[in-house]
Amino acid sequence: QVQLVESGGGLVQPGGSLRLSCAASGFSFSTYSTYAMRWYRQAPGKERELVASIGSLGLDTDYADSVKGRFTISRDDDKDTVYLQMNNLQAEDTAVYYCHALHYSGNNFWGQGTQVTVSS
């Protein structure tokens with residue numbers, strides 16, 4: 001059974017940093033590396049939005065305009081883990097952050113989410 005488990009969320013002051021991790025389990029050998037990985041977030045009263053994505057080979061990344069230059073997505077396929085380094089966090093970054101795995105076949109999985117709160 002495939003599972004994505006996010007961690008690393010918490011409370012941070014404006015201007016601070018957090019590193020989110022999403023550990024995958026249940027993928028068959030080498031299958032994880034064939035999935036594109038994404039981070040989404042959902043703030044209260046707002047729709048879920050795509051924050052960052054990284055391709056199956058880790059060569060291509062993309063970011064929402066609101067986080068460009070502040071967030072960095074990376075993956076370690078040896079550990080079946082994807083990361084989101086978040087720097088210079090602002091109040092508008094407060095949200096539940098979700099990890100998502102997407103295969104070109106359409107197969108996809110979601111994590112349960114981790115709360116990030118930016119407040120002084």
Side-chain angles (χ1 to χ4, degrees):
Q1 181 179 356
V2 172
Q3 279 192 315
L4 300 177
V5 179
E6 300 97 335
S7 61
L11 174 64
V12 64
Q13 292 185 343
S17 297
L18 284 175
R19 188 195 195 202
L20 304 184
S21 299
C22 172
S25 62
F27 285 91
S28 59
F29 182 70
S30 296
T31 301
Y32 173 78
S33 62
T34 66
Y35 280 74
M37 299 301 298
R38 297 170 169 183
W39 285 98
Y40 286 79
R41 68 185 180 187
Q42 187 166 21
K46 294 188 177 181
E47 294 186 355
R48 191 171 296 188
E49 65 170 340
L50 178 61
V51 175
S53 61
I54 186 166
S56 59
L57 297 178
L59 299 178
D60 55 319
T61 59
D62 199 16
Y63 300 91
D65 288 343
S66 59
V67 307
K68 279 182 181 177
R70 300 188 298 123
F71 290 12
T72 303
I73 188 171
S74 61
R75 63 189 296 163
D76 184 342
D77 290 346
D78 290 336
K79 297 181 179 179
D80 289 357
T81 300
V82 63
Y83 304 97
L84 186 67
Q85 177 67 43
M86 306 186 295
N87 298 328
N88 191 22
L89 284 160
Q90 304 299 317
E92 53 265 33
D93 296 316
T94 295
V96 178
Y97 284 71
Y98 297 90
C99 176
H100 182 243
L102 175 66
H103 194 258
Y104 65 84
S105 65
N107 208 20
N108 71 102
F109 305 95
W110 288 94
Q112 84 289 346
T114 185
Q115 175 71 46
V116 171
T117 302
V118 184
S119 175
S120 55

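Please read these numbers as outputs of a predicted model, since none were measured by experiment.
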Undergrad: Relative to Tyr63, does Arg70 satisfy both conditions: NZ or CZ under 6.0 angstrom from the six-membered ring centre, and within 45 degrees of the ring's axis?
TA: no
Undergrad: Hey, does Tyr40 have a side-chain heavy atom less than 4.5 Å from the side chain of Val96?
TA: no
Undergrad: Quick one: pull up OG in Ser53 and CD1 in Ile73 and give me the separation to the nearest 0.5 Å.
TA: 6.0 Å
Undergrad: Do the side chains of Ser119 and Leu11 get nearer than 4.5 Å, heavy atoms only?
TA: yes
Undergrad: Grouping I, L, V, M, F, W and Y whenever their side-chain heavy atoms are under 4.5 Å apart, do Ile54 and Val51 come out in a common cluster?
TA: yes
Undergrad: Restricting to non-hydrogen atoms, name the atom on Lys79 and the atom on Thr81 that form the minimum distance, rounded to 0.1 Å.
TA: O-OG1, 2.8 Å
Undergrad: Please find the pair of heavy atoms, one from Ala52 and one from Leu84, that lie closest to each other, and give the distance.
TA: CB-CD1, 4.0 Å
Undergrad: What's the shortest heavy-atom distance between Leu4 and Ala24, and which atoms?
TA: CD2-CB, 3.5 Å
Undergrad: Might you point out which heavy atoms bring Lys46 and Gln42 nearest each other, and give the distance in Å?
TA: O-NE2, 3.1 Å
Undergrad: Of Tyr98, Tyr32, Phe27, which is the lone residue that meets ring pair (Phe, Tyr, Trp, His ring centres under 6.0 Å) with Phe109?
TA: Phe27
Undergrad: Determine which pairs satisfy disulfide bond (SG atoms under 2.5 Å apart) with at least one residue from residues 46-80, sequence neighbours left out, and list them in order.
TA: none
Undergrad: For residues Ser17 and Asn87, report the shortest heavy-atom separation together with the two atoms involved.
TA: OG-OD1, 3.0 Å
Undergrad: Side-chain contact, heavy-atom cut-off 4.5 Å: Leu20 with Val116?
TA: yes
Undergrad: Could you list the residues that satisfy side-chain contact (heavy atoms from CB on, under 4.5 Å) with Arg19, not counting sequence neighbours?
TA: Tyr83, Gln85
Undergrad: Using 30° and 60° as the class boundaries, would you call the ring planes of His103 and Tyr35 parallel, tilted or perpendicular?
TA: tilted
Undergrad: Okay, side chain of Asn108, backbone of Gly106: is any donor-acceptor separation there less than 3.5 Å?
TA: yes
Undergrad: May I ask you to decide if Glu47's main-chain N or O and Glu49's side chain share a donor-acceptor pair within less than 3.5 Å?
TA: no
Undergrad: Considering non-hydrogen atoms only, spot the tightest contact between Ser120 and Pro14 and give its length.
TA: N-CD, 3.7 Å
Undergrad: Determine, stepwise, if the pair Tyr97 / Cys22 fulfils side chain to side chain contact (heavy atoms under 4.5 Å, CB included).
TA: CA-CA 10 Å; Tyr97 284 71; Cys22 172; over 6 Å; no
Undergrad: Just jot down the side chain to side chain donor-acceptor pair (under 3.5 Å) partners of Thr117, sequence neighbours excluded, or say none.
TA: Gln115
Undergrad: Do Trp39 and Cys99 have side chains that get closer than 4.5 Å, going by heavy atoms?
TA: yes
Undergrad: For residues Ser66 and Arg41, determine if any side-chain heavy atom of one lies less than 4.5 Å from a side-chain heavy atom of the other.
TA: yes
Undergrad: Indicate yes or no for a side-chain donor-acceptor contact from Glu6 to the backbone of Gly113 under 3.5 Å, with no hydrogens or angles considered.
TA: yes
Undergrad: Would you say Met37 ends up clustered with Val5 if hydrophobic residues are merged whenever their side chains have heavy atoms under 4.5 Å apart, either directly or through other cluster members?
TA: no
Undergrad: Count I, L, V, M, F, W, Y as connected when their side-chain heavy atoms are under 4.5 Å apart, and connections chain through other members. Are Trp110 and Leu50 then in the same cluster?
TA: yes
Undergrad: How long is the straight-line distance from CZ of Arg75 back to OG1 of Thr61, given to the nearest 0.5 Å?
TA: 12.0 Å
